[in-house]
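Residue numbering restarts at 1 for every chain, and letters A, B, ... go by the order of the sequence lines.
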There are 2 protein chains.
Amino acid sequence: MKRKMTIQEIARLAGVSKATVSRVLNNRGGVSPETRRKVEEVIKLYSYTPNLVARGLSLKKTGSIGLIVAHTAERLSSHLFFIEFLRGISAVLDERGFRLIVATAESEDRYETSCRSMAEGGVVDGVVVLGVRRNDKRLRHFLRAGIPVVTVGRPIGFPRVDYVDVDNAGGARVATEYLLRLGHEEILFINGPEGHTASLARERGYRRAHRALKREVDGELIVYGDFSFESGYETVRRFLVRGRVPSAVFAASDLAAMGAITAFKEAGIRVGNEVSVVGFDDIPYAHFFDPPLTTVRQPIYEMGKEAGRILLLRLEEGTGPERLYKVFPTQLIVRESTIRS
Amino acid sequence: MKRKMTIQEIARLAGVSKATVSRVLNNRGGVSPETRRKVEEVIKLYSYTPNLVARGLSLKKTGSIGLIVAHTAERLSSHLFFIEFLRGISAVLDERGFRLIVATAESEDRYETSCRSMAEGGVVDGVVVLGVRRNDKRLRHFLRAGIPVVTVGRPIGFPRVDYVDVDNAGGARVATEYLLRLGHEEILFINGPEGHTASLARERGYRRAHRALKREVDGELIVYGDFSFESGYETVRRFLVRGRVPSAVFAASDLAAMGAITAFKEAGIRVGNEVSVVGFDDIPYAHFFDPPLTTVRQPIYEMGKEAGRILLLRLEEGTGPERLYKVFPTQLIVRESTIRS
DNA sequence: CCCTTTGCTGTAACCGGTTTCAAGCAAAGT
DNA sequence: ACTTTGCTTGAAACCGGTTACAGCAAAGGG
C-alpha cells in the first residue's frame with residue numbers, strides 16, 4: 001500500500017512541470033512527442049491516476065450525478081421500479097465515466113438535509129428525481145442552486161424542467177377501456193400515492209376511459225395506495241369485508257395487483273374467472289404469477305437510459321432554452337388475470 | 001439563481017477572515033461570542049453552505065462511501081437483496097452525513113474501470129462490496145489503494161478484511177435437516193452462483209445436514225443458478241422433463257423457490273402437498289405466495305446497517321489490528337410450501 | 001540578417017476550503 | 001510598571017489538480 005502519488009511527484013520524476021503532466025493526462029496539444037512519451041512512461045511506471053476530487057474542484061465539475069429517490073414511504077414496487085431504472089441510468093452514465101450518488105433517507109427531515117447538501121455542497125453536476133410530485137419542494141433546492149434536473153414523471157409546476165415519462169394517462173385509459181369493454185361495470189382503481197404526478201395522470205386516464213364509453217365514475221372506487229403489495233391486498237380486503245365485490249381491479253403497480261389477487265384468492269374468489277385484475281409495470285415475474293397477470297408495460301430500463309442521456313446532454317450543451325423530454329408509450333399485455341364479465 | 005457564495009465572500013461581508021468563518025462553520029473554539037454571532041448571521045442571511053468538494057480536498061476525506069454491486073449477471077433476487085441492503089446502509093450513513101456512491105456496470109471491463117476509478121480517484125473514503133467471491137479481484141484494488149473495505153459475505157482469501165455475513169451454512173443446514181426429517185430423500189438444491197462465498201457456505205450446510213442424518217449426497221442434485229426466478233423455474237423443468245421428480249427443493253433464494261414452485265404447478269404437481277419447497281431470504285411477499293413459502297429468513301436490512309456501522313468505525317478508529325465482523329443468525333420460517341413426505 | 005511566427009515548456013494564479021503559526025491585546029500576576 | 005498568560009484573530013501555506021500567460025528557442029519570410 002504505497003502512498004498515493006500526486007501530479008507534482010510525477011512531474012519531478014519525469015523532469016517536467018505539473019502543467020506538462022496535466023497536458024499529457026488530458027491529451028491536450030502542445031507537448032512534444034518525446035516529452036509526452038517520457039511522461040507517459042513515468043505515469044505507467046508508478047501507475048499514477050489523478051485525484052478526481054482535486055480535478056473536480058479545479059474544473060467545477062464533479063463527474064457525479066445524484067439519483068434522488070423518493071423517501072421510503074413508497075415501498076417495494078417503487079423499489080422494483082428503482083432497480084430497473086438504476087440499471088438503465090447506470091448503463092449510460094458509466095459509459096461516460098460519471099458516478100452515481102444515490103440519496104435515500106428514512107425520515108423526512110434527514111431526506112431534506114440530504115437533498116440540500118447535494119444541491120448546495122457542489123458534489124453533483126446534475127440530478128435525477130424519482131417520484132416527483134406537483135410543486136415538489138426538492139426541485140426548488142436544485143434549481144435555486146443552478147443544478148440541472150431531470151425528473152421521472154412530468155414535473156407539474158416546473159414548465160422548464162427536463163423529464164422522461166411514460167404515457168400514464170394513455171396506459172391507464174387503455175387498461176380501463178379494456179376492462180369496461182369486457183363488461184365490467186365496477187372497476188376498483190388502486191392508485192399510487194396522492195399527489196404523485198404519475199397517480200394524477202393515471203387517474204385522468206381512468207376517468208377518460210369512462211367518459212369515452214359513457215359511464216359514470218364512482219369516486220369511492222378510486223383509492224390511493226403506495227404501489228405496495230400490501231396496499232393492494234388491504235384495499236381489496238376492505239371492500240370484501242364491507243360486502244362490496246368489485247367486478248374488476250385496476251392497480252397502479254403489479255405488486256398491488258398481486259396483493260389484490262391474493263386477497264381475492266383468500267376470499268375464495270377466482271381471479272381470471274369471476275373477477276378481473278390488471279396491473280401496471282410488467283415486472284419480470286408478472287407472467288409467472290398465478291394467474292399470469294394482465295398488465296400495462298412500461299419500459300423502465302429505457303427510461304433510465306433516456307434520463308441519463310438527457311441529463312448528460314444538458315450538462316454538455318449548457319442551458320438551452322428548450323425543454324428536453326421524452327414520453328414513452330405503454331403497452332397493454334393481456335394474460336390470464338382478466339375475463340369477460 | 002444567485003451564484004454560489006464562497007467562504008471568502010462571507011468573510012468579507014462579516015468583516016473577518018476566512019479562517020474565522022471556517023472556525024465558526026466547524027464549531028471550533030477560539031472565537032469570541034460576538035464574532036461568532038456576527039458570522040452566523042451573515043451565513044444565515046446568504047444561506048451559505050460550504051463547498052464539500054473543496055472541504056474534501058483539504059481534509060482528504062470525501063464523505064462518500066462506495067457500494068460495489070456485483071455486476072449485472074445476478075438478476076432480480078440479488079436485486080431485492082440489494083434494495084433492502086441499500087435501505088439499511090443508507091439509514092446509518094446519512095445519519096452521519098455520508099453519501100453513497102453506487103457502482104454498477106453492464107459489462108465486465110466497464111465494471112473494472114469503475115472500480116479502479118473509485119479505488120484510485122480518491123472519491124470515496126471506504127467501500128462495501130456485495131456478492132464477494134473467493135480471491136475477489138476487486139478487493140485487491142481497494143486494499144492496494146489503502147481504502148477500507150467491508151464485504152458482505154465472508155471474504156475468503158482476505159483474512160484481515162472486515163465483513164458482515166449471515167450464517168449461511170447454519171441456515172442451509174437447518175433447512176435441509178428440516179426437509180430430511182420430513183422424510184424427503186431426494187432434495188434438489190438450487191444454489192447461487194458458483195464461486196460466490198454464500199453459495200459455498202450454503203452447500204456446506206446442505207452436505208452437513210446429510211452427514212448428520214447419515215444420508216448420502218447425490219451430486220447431481222446440486223445445481224448452480226443465479227438466484228433468479230428463472231433459474232429456479234428452469235432447473236425444475238429440466239428435472240421434470242427428464243422424468244426425475246425430486247421430492248423436495250431447497251433454493252438459495254425465495255425467487256428461485258417461487259420459480260421452482262411455478263414449474264411444479266405447471267406440471268400439475270401440488271407444492272405443499274406432493275412436494276416441498278424451501279426458499280432463502282424471506283422477502284416481503286414470501287408469505288403471500290401461493291402456497292405461502294417456507295423459507296430461511298436473513299436480516300438483510302440489519303446487515304446493511306451493520307456494514308455501514310463497521311465501515312464508519314474503521315474510518316474513525318483508523319486501522320486497528322483486529323478484524324471487525326458480524327455474522328447474523330438465520331431463522332427457519334415454516335409456512336405451507338413444505339409437507340411430510 | 002533581422003523580425004515575426006510557431007511550438008514547447010514552466011511559472012504562477014486559481015478552485016474553496018482547513019490549519020498552523022505568530023501577532024495583537026486585555027487581564028492577571030509580581 | 002513590566003512580564004506573563006490566555007484568548008481572539010488574520011496571514012499564509014496547503015490539499016492536488018487546471019490553465020492563462022509569458023518566455024524562449026527554432027523555423028520561416030522578406
Side-chain angles (χ1 to χ4, degrees), chain A residues 3-40 42-43 46-64 97 117 119-125 145-146, chain B residues 2-40 42-43 46-64 97 117 120-125 145-146:
Chain A
R3 211 176 55 57
K4 194 75 174 69
M5 292 240 122
T6 71
I7 199 173
Q8 185 62 269
E9 297 170 294
I10 295 296
R12 195 172 44 72
L13 288 164
V16 298
S17 72
K18 296 200 312 181
T20 300
V21 178
S22 175
R23 284 189 271 259
V24 171
L25 281 173
N26 300 293
N27 281 314
R28 294 252 179 296
V31 180
S32 76
E34 66 236 274
T35 308
R36 178 177 297 272
R37 203 187 39 65
K38 188 174 53 181
V39 172
E40 279 169 347
V42 177
I43 287 176
Y46 292 90
S47 65
Y48 162 77
T49 54
N51 179 316
L52 298 177
V53 174
R55 172 178 284 174
L57 179 57
S58 189
L59 295 179
K60 290 161 171 288
K61 297 193 174 178
T62 64
S64 298
S117 96
E120 295 163 4
V123 293
V124 293
D125 296 339
Chain B
K2 42 191 183 315
R3 211 175 53 57
K4 194 78 172 73
M5 292 241 122
T6 70
I7 198 173
Q8 185 61 270
E9 297 171 292
I10 296 296
R12 196 171 43 70
L13 289 163
V16 298
S17 72
K18 298 201 310 181
T20 300
V21 178
S22 176
R23 282 189 272 259
V24 171
L25 281 173
N26 299 293
N27 280 315
R28 294 253 179 295
V31 181
S32 75
E34 65 237 272
T35 308
R36 178 176 297 273
R37 204 188 38 67
K38 187 175 53 181
V39 172
E40 278 169 347
V42 176
I43 287 176
Y46 293 89
S47 64
Y48 162 77
T49 55
N51 179 316
L52 298 177
V53 175
R55 172 178 285 175
L57 178 58
S58 189
L59 295 179
K60 291 162 171 288
K61 296 193 174 178
T62 64
S64 298
S117 96
E120 296 163 5
V123 292
V124 293
D125 297 338

(message) Please pick, from C/dT18, C/dG10, C/dG16, the nucleotide with the shortest atom-to-atom distance to any side-chain atom of B/Ala54.
(response) C/dG16
(request) State which of C/dG17, D/dT18, C/dT9 makes the closest approach to the side chain of A/Lys18. (result) D/dT18
Strictly below 4.0 Å: does [X] bring a side-chain N or O up to OP1 or OP2 of [N]?
| X | N | result |
| --- | --- | --- |
| A/Asn26 | D/dT18 | yes |
| B/Arg23 | C/dT19 | no |
| A/Ser22 | D/dT18 | yes |
| B/Thr20 | D/dT8 | no |
| A/Lys60 | C/dC14 | no |
| A/Arg55 | D/dG16 | no |
| B/Ser58 | C/dT19 | no |
| B/Lys4 | C/dG16 | no |
| A/Tyr48 | D/dG17 | yes |

(request) Would you check if the side chain of A/Asp125 reaches a backbone N or O of A/Gly63 as a donor-acceptor pair within less than 3.5 Å? (result) yes
Tell me, do [X] and [Y] make a side-chain contact under 4.5 Å, heavy atoms counted?
| X | Y | value |
| --- | --- | --- |
| A/Thr6 | A/Tyr48 | no |
| B/Ser22 | B/Ile7 | yes |
| B/Thr49 | B/Lys4 | yes |
| A/Ile43 | A/Leu25 | yes |

(request) Let me know which of A/Ile10, A/Val39, A/Val16 forms a side-chain contact (heavy atoms from CB on, under 4.5 Å) with A/Val24. (result) A/Val39
Tell me: [atom1] of [X] to [atom2] of [N], nearest whole Å?
| X | N | atom1 | atom2 | value |
| --- | --- | --- | --- | --- |
| B/Asn51 | C/dC15 | CG | C1' | 8 Å |
| A/Arg36 | C/dG7 | CZ | C1' | 13 Å |
| B/Lys38 | D/dT9 | NZ | P | 8 Å |
| A/Gln8 | D/dT18 | CD | C1' | 13 Å |
| B/Arg28 | C/dT19 | CZ | C1' | 9 Å |
| B/Ile7 | C/dT19 | CD1 | C1' | 12 Å |
| B/Lys61 | C/dG17 | NZ | C1' | 15 Å |
| B/Ile10 | C/dG16 | CD1 | P | 13 Å |

Would you indicate what [X] reaches in the nucleic acid, counting non-hydrogen atoms under 4.0 angstrom: base, sugar-phosphate, or nothing?
| X | value |
| --- | --- |
| A/Val16 | sugar-phosphate |
| B/Gly121 | nothing |
| B/Val53 | nothing |
| B/Leu57 | base |

(request) Report the residue (A/Pro33 or A/Ala19) whose heavy-atom-nearest nucleotide on DNA chain C is the more 5′ of the two. (result) A/Pro33
(request) Between B/Ser17 and B/Leu59, name the one whose nearest nucleotide on DNA chain D is closer to the 5' end. (result) B/Ser17
